[in-house]
Asks: 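Before we start, here is the structure in question, set down as structure tokens.
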Amino acid sequence: MSSPEDLTKTYDYAEVERRWLDQWRDEDFYFDWESAKPRYIIDTPPPYPTGRLHIGHALNWVYMDIVARYKRMRGYNVMFPQGWDCHGLPTEVKVEEIHGITKNDVPREEFRQMCRDLTRENIRMMRHSLRLMGFSVDWSNEYITMEESYYSLTQASFLQMLKNGYIYQSEHPVNYCTRCETAIAFAEVAYSENTTLLNYFDFDGVEIATTRPELLAACVAVAVHPDDNRYHTLKGKTLTVPLFSYPVPVVEDEAVDPAFGSGAVMICTFGDKQDVVWWKSHNLDLRSAIDQKGVMTAICGKYTGMKAKECREAILSDMKESGILKTQEELPQRVGTCWRCQTPIEILSARQWFVKVRPEEIVSAASEITWYPEHMQTRLLNWTQQMEWDWCISRQRLFATPIPVWFCSDCGEMILPVPEDLPIDPTVDSPKHPCPVCGSNSFAGETDVLDTWMDSSISPLAITKWDGKTTPAFYPTQLRPQGHDIIRTWAFYTILRSMALTQKKPWDGIMINGMVLGEDGFKMSKSRNNVITPDELIDRYGVDALRQWAAVGAAMGSDITFTWNDVVAASRFQTKMWNIVRFSLLQIRKDDSVSSDRPTELADRWLLSKLSATVQEVTDALDSYQYDKGLKAIRDFAWSSLADNYLELVKGRLYSDLPSRAGAVFTLKTALDTLCRLLAPYTPFFASECYYHLSGGRIIDQQWPGLDYIDPTADENGNLLASVVGQLRKYKHDAGLALNAPLGHVTIYTPGKTIDDGGDAGRTTNAEIEWRSDEPHLDRVLSDITFNMGIIGPAFRKEAGAVMQAIRALPPESLEAGVDTISVNGSDISIPDGSYAPVFSYAIEGEEVDLLTVGDALLAIRKRA
RNA sequence: GGGCUUGUGGUCUAGCUGGUUAUGACGUCGCCCUUACACGGCGAAGAUCUCCGGUUCGAAUCCGGACAGGCCCA
């Protein structure tokens, strides 16, 4: 047990946080697979290992850590695991940058190893940051998606979904760089401005404007706006493609701009993104005119084998020759280019792998999940119901989970590995048996890899120890915490995969956090120079202040605009609490005898009732993930009820040796003990330190409080007591009296109510307090009048003094009744309304008193003792 | 362009199942070093609750529209 001297005069967060970090052990937060306690499993988001934690992570992890700590105190067997979502383009790019290579310069496996090395180092740094912030992560259940133990599950899930008919292959448009001969992600597309020629030519009698004449052989339709009168006769017709002489349909689409060019557009597969949309929505043919090397394909007739640029010139000159090229005009345009070699990207059709989306499965699972806040569910449902395309899961990259499939080189049969052999890399490993169809021993491994979301969307299965086949015993998990920016990706895909693999929802509830915006209200970005890092914040105010900032910054789901104000306020609250504890312990330790377990004094019962209500409020708030509400309730209780009111009320008792001192000691001990427990999920370091001084134990081993001191009468009368004392202090203040100066006699009339404050009010105000339950019998005496010079002055000017003197001379009865006219120097003068106001004083039994009212109560103060 | 969402004193924010003197914090101003805390206490000033229209006896709160911000998607 510590002594009062242990409480330093100021709270040293840096020292305290360092010390408690050393005290906690990883084992304190392990999930117990054998426990009989109810489980609470958090499907923690696996961050992308960039190497550093940003403030958005901090917010997200504080939210999770609060639930984790709270649920442990409520008796749950909590799992708060930590994952790492490793695969992704940025790592490939970073590796290329670090080593000064492109990924095709080194063997595939060597490049993948470079990515793994970089990722391991980044994870190491981020793990360190998470530990410094004291998150109660279960490190025994850490997972890393690039490790074999994890991606063998990703591959198992792929094979199972393939078997169940969820996965298929199909042609699909992809961005392609014909120089690098590789597919390009949208994130890899750079844009440049240039000028091109818009060519107007005759297309079977219709004028068409195009910037890509080389794609004429890929034309699959002509589109016009449905309301364009110039073309309404074309409806339902077919046209013949010039130079190539094959028929294409005319389609109508709202998206055609009648003002652009001639108002008629040729749709080619694929000139741009709009072509892809039209191709899909009008169900058009696919004609590939350009191959992966940028060479014209066999459908291009005499142009076959030309480079796209040569073909363009050739077609334009042939158009000119046959007289169908009308005019050409310059057009500024923005073209997508490969960010490495600046070659304009082509949209080519390539074989891709897809996951079938079954909206009804997702909708039904989503409605069984509790959403916090509720409206976030709408986003997912809207998205799901308007899904047009399935989920394309193949990527033409290197650092990702390989698609575990081979194809027979002779007959094309798809060969799958057996689950026991997973994980495999089909570009390295070979099937163990000849082709079952043709007996060939020659195979081609699939070189495409899986979308990263295929890894992370089985996280709830991975953390519950999925074996790749049967639904785990601890499935579904209890909570998915994540940001609203990835509802359409991570939440959506996880639900989809969970339904496909287990026919169950992945979680009971989902808690959606907002984004952190900079002090200027905009998204944090280097270019805006509004980035705040967690390190910066912790250095200046400590981890607990950061945690409070995150907790009260905004309601769950709302974006938080960062402000130092909240951090400063958080830090000040800790200082205040520290002083409350310091002072209370000082008093308690003078004599810590506790006589009764239910204090009888009004102030004690009042505080305990308020405390019980606060516990209930915080409990309700945490149960519904309303962290801001909970912390505000704690702060309000501690600062207002406990410090400003209760402590002031009982100081007199604490300094005394009255028997009722024991009640105050009991109440203080209970309040401090309870506050430590309530604060434990929010500010674990601070709560640990205070609780240790209070009891010598560890707060993380304690239960959540449940108090039943609710007492409506004590609540009401105690509120009155607190207000009365407050009013009397203000009265002293206004009268220029020191707060501890003797006040005299105060009679407090509370008609119909009997109040016994045990002497607290009297000791606190240094007054003689008399509570009376009868009606006050007051004599009202008109003691003075005040004049309104705004009326008197303009009305009487020079006579004003004389008028006032005359009014003053009137008997009190007339003044009180109101004066219409008055006689001054023999003439009657009328007095306007509002010229003066009577001032009354009051007396009780002939003695003059000052009056204050507090609600229905009346305070009569007789100065002088 | 579409879906969801937000718009409250100088700043951030609570309230938003309709009726409150519209909450709190920071900032500002005044007084106070009262046996923990001046990172404190007491008090004051400061809001046409984005704008327009509607429902209602009554709207910050419900409905419609406009404007502005955020996220996601085209």
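Proteins get letters first, then strands, A, B, ... in listed order; numbering begins at 1 in each. All heavy atoms count here, side chains included; hydrogens, waters and symmetry mates do not.
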Asks: Are A:Arg653 and A:Asp604 within salt-bridge range, i.e. N to O under 4.0 Å?
Replies: yes
Asks: Between B:rU20 and B:rU55, how many Å separate the two C1' atoms, rounded to a whole number?
Replies: 22 Å
Asks: I'd like the C1' distance from B:rC39 over to B:rG2, given in whole Å.
Replies: 50 Å
Asks: With the threshold set at under 4.0 Å for non-hydrogen atoms, list the residues of residues 566-575 of chain A touching RNA chain B in residue-number order.
Replies: A:Ala569, A:Arg572, A:Thr575
Asks: With sequence neighbours left out, write down each residue that passes side chain to side chain donor-acceptor pair (under 3.5 Å) with A:Thr269, or none if nothing qualifies.
Replies: none
Asks: Below 3.5 Å, does any donor atom in the side chain of A:Arg729 face an acceptor in the base of B:rC42, or the other way round?
Replies: no
Asks: Measuring only the P atom in each nucleotide, how far is B:rG64 from B:rU6? A whole number of Å is fine.
Replies: 14 Å
Asks: Considering Watson-Crick and G-U wobble pairs with both distances under 3.5 Å, what does B:rG7 pair with?
Replies: B:rC67
Asks: Using whole Å, what does the distance between atom P of nucleotide B:rC37 and atom CG of A:Leu647 come to?
Replies: 13 Å
Asks: A:Arg589 CZ to B:rA36 P: how many Å, rounded?
Replies: 17 Å
Asks: For B:rU55, give the paired nucleotide (Watson-Crick: N1-N3 plus N6-O4 or O6-N4; G-U: N1-O2 and O6-N3; both under 3.5 Å), or none.
Replies: none
Asks: Can you measure A:Asn382 atom CG to B:rC71 atom P for me and round it to whole angstrom units?
Replies: 19 Å
Asks: For B:rG1, give its Watson-Crick or G-U wobble partner with both distances under 3.5 Å, or none.
Replies: B:rC73
Asks: Pairs of donor and acceptor atoms involving the side chains of residues 558-565 of chain A, under 3.5 Å and at least two apart or interchain, shall be tabulated with distances.
Replies:
residue	atom	partner	partner atom	Å
A:Asp559	OD1	A:His484	NE2	3.0
A:Asp559	OD1	A:Met515	N	2.8
A:Thr563	OG1	A:Asn565	N	3.0

Asks: What about A:Lys576, does its side chain sit under 3.5 Å from the base of B:rC37 through a donor-acceptor pair?
Replies: yes
Asks: Just checking A:Phe685 against A:Tyr13, ring centres under 6.0 Å apart?
Replies: no
Asks: Select base, sugar-phosphate, or nothing to describe what A:Lys651 touches, counting heavy atoms under 4.0 Å on all strands.
Replies: base
Asks: Looking at B:rC31, which nucleotide sits across from it as a Watson-Crick or G-U wobble partner, both distances under 3.5 angstrom, or is there none?
Replies: B:rG41
Asks: Could you work out the separation of B:rG46 and B:rG10 based on their C1' atoms and round it to a whole Å?
Replies: 9 Å
